[in-house]
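In what follows, a single structure is set out as structure tokens and then discussed.
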Amino acid sequence: MADNARAKKLADLIQEVVAEKLQRGIKDPRLGTHVTITDTRVTGDLREATVFYTVYGDDDEERASAAAGLESAKGILRSAVGAAAGTKFTPTLAFVADALPENAKAIEDLLDRARASDARVREASSGATYAGGADPYRKADDENDEDAASE
């Protein structure tokens, strides 16, 4: 069993090699500059690597074609990783579409809704006054009791 530092080091190397190979070595038009490698994780035994990627573009067709392009280039990418890593066993590569852009968009939408709600509350409260004065729980009798107690 390999230690976590070695797995992390191999994951970083795989991410770098795959990104470089996609940019310069693979001539598949489905991949091009549309695919970005965001993260890589390697299992503890260094046998399997999961490569997370994003595809720029909102079209589901572009995402599907990029996934097909990555699957077809998997062998070339694995041999490039094996040459760069110099390990006894080259990990198998699994490509997974990263959900980060969708999650970020969902969070941004929620924040926009919260800002709009805050603006509505701010508009409703502008010019409003307290229902019973600045401190509705303080009474004139309490002030006299405090003065008597302090003397």
* To do: Determine, using the 4.5 Å side-chain heavy-atom cutoff (strictly less than), whether Val18 and Phe52 are members of one ILVMFWY cluster.
  => no

* Can we say Lys9 and Asp12 salt-bridge, meaning some charged N sits less than 4.0 Å from an Asp/Glu carboxylate O? -> no

* Asked: Using 4.0 Å as the upper bound for N to carboxylate O, is an ion pair formed by Asp39 and Arg41?
  -> yes

* Roughly how far apart are Leu110 CG and Arg115 CZ, rounded to 0.5 Å? -> 11.0 Å

* Asked: Does the distance from a Lys or Arg side-chain N to an Asp or Glu carboxylate O, for Glu71 and Lys74, drop under 4.0 Å?
  -> yes

* Which distance, rounded to the nearest 0.5 Å, do you find between the CG of Leu13 and the OG1 of Thr87? -> 9.0 Å

* Report yes if the side chains of Asp109 and Lys105 come closer than 4.5 Å at any heavy-atom pair, otherwise no. => yes

* Asked: Is any side-chain heavy atom of Arg47 less than 4.5 Å from a side-chain heavy atom of Thr92?
  -> no

* Using the side-chain contact (heavy atoms from CB on, under 4.5 Å) rule, take Glu48 and Val42 through it: C-alpha gap first, then chi angles, then the decisive distance, then the call. => CA-CA 6 Å; Glu48 298 173 5; Val42 178; over 6 Å; no

* Asked: Looking only at heavy atoms, what is the nearest atom pair of Ala7 and Leu46, with distance?
  -> CA-CD2, 3.6 Å

* Asked: Distance from Leu93 atom CG to Ile76 atom CD1, nearest 0.5 Å?
  -> 12.0 Å

* With distance as the sole test, does Arg78 use its side chain to make a donor-acceptor pair with the main-chain N or O of Pro91 at under 3.5 Å? -> yes

* To do: Indicate yes or no: at least one non-hydrogen side-chain atom of Tyr53 is less than 4.5 angstrom from one of Leu70.
  => yes

* Given side-chain contact (heavy atoms from CB on, under 4.5 Å), test Ile37 with Leu22 step by step and report yes or no. => CA-CA 9 Å; Ile37 304 301; Leu22 284 176; 3.7 Å; yes

* May I ask you to check whether over 12 heavy atoms, not counting those of Glu16, lie within 6.0 Å of atom CD? => no

* **Row check, Phe95 ring normal vs Arg63 NZ/CZ: under 6.0 Å, within 45°** => no

* Donor-acceptor contact below 3.5 Å, side chain Ser117 vs main chain Arg113 -> no

* To do: List the atom of Gly82, the atom of Thr90, and the distance in Å for their closest heavy-atom pair.
  => CA-OG1, 3.3 Å

* **Short N-O contact, Asp118 and Arg122, less than 4.0 angstrom** => no

* **Spatial distance of atom OG1 (Thr36) from atom CD (Gln23) [nearest 0.5 Å]** => 9.5 Å

* Asked: Heavy atoms, side chains only, cut-off 4.5 Å: are Val51 and Val96 in contact?
  -> no

* Establish, from distance only, whether the side-chain atoms of Asp98 and Thr38 form a donor-acceptor pair under 3.5 Å. => yes

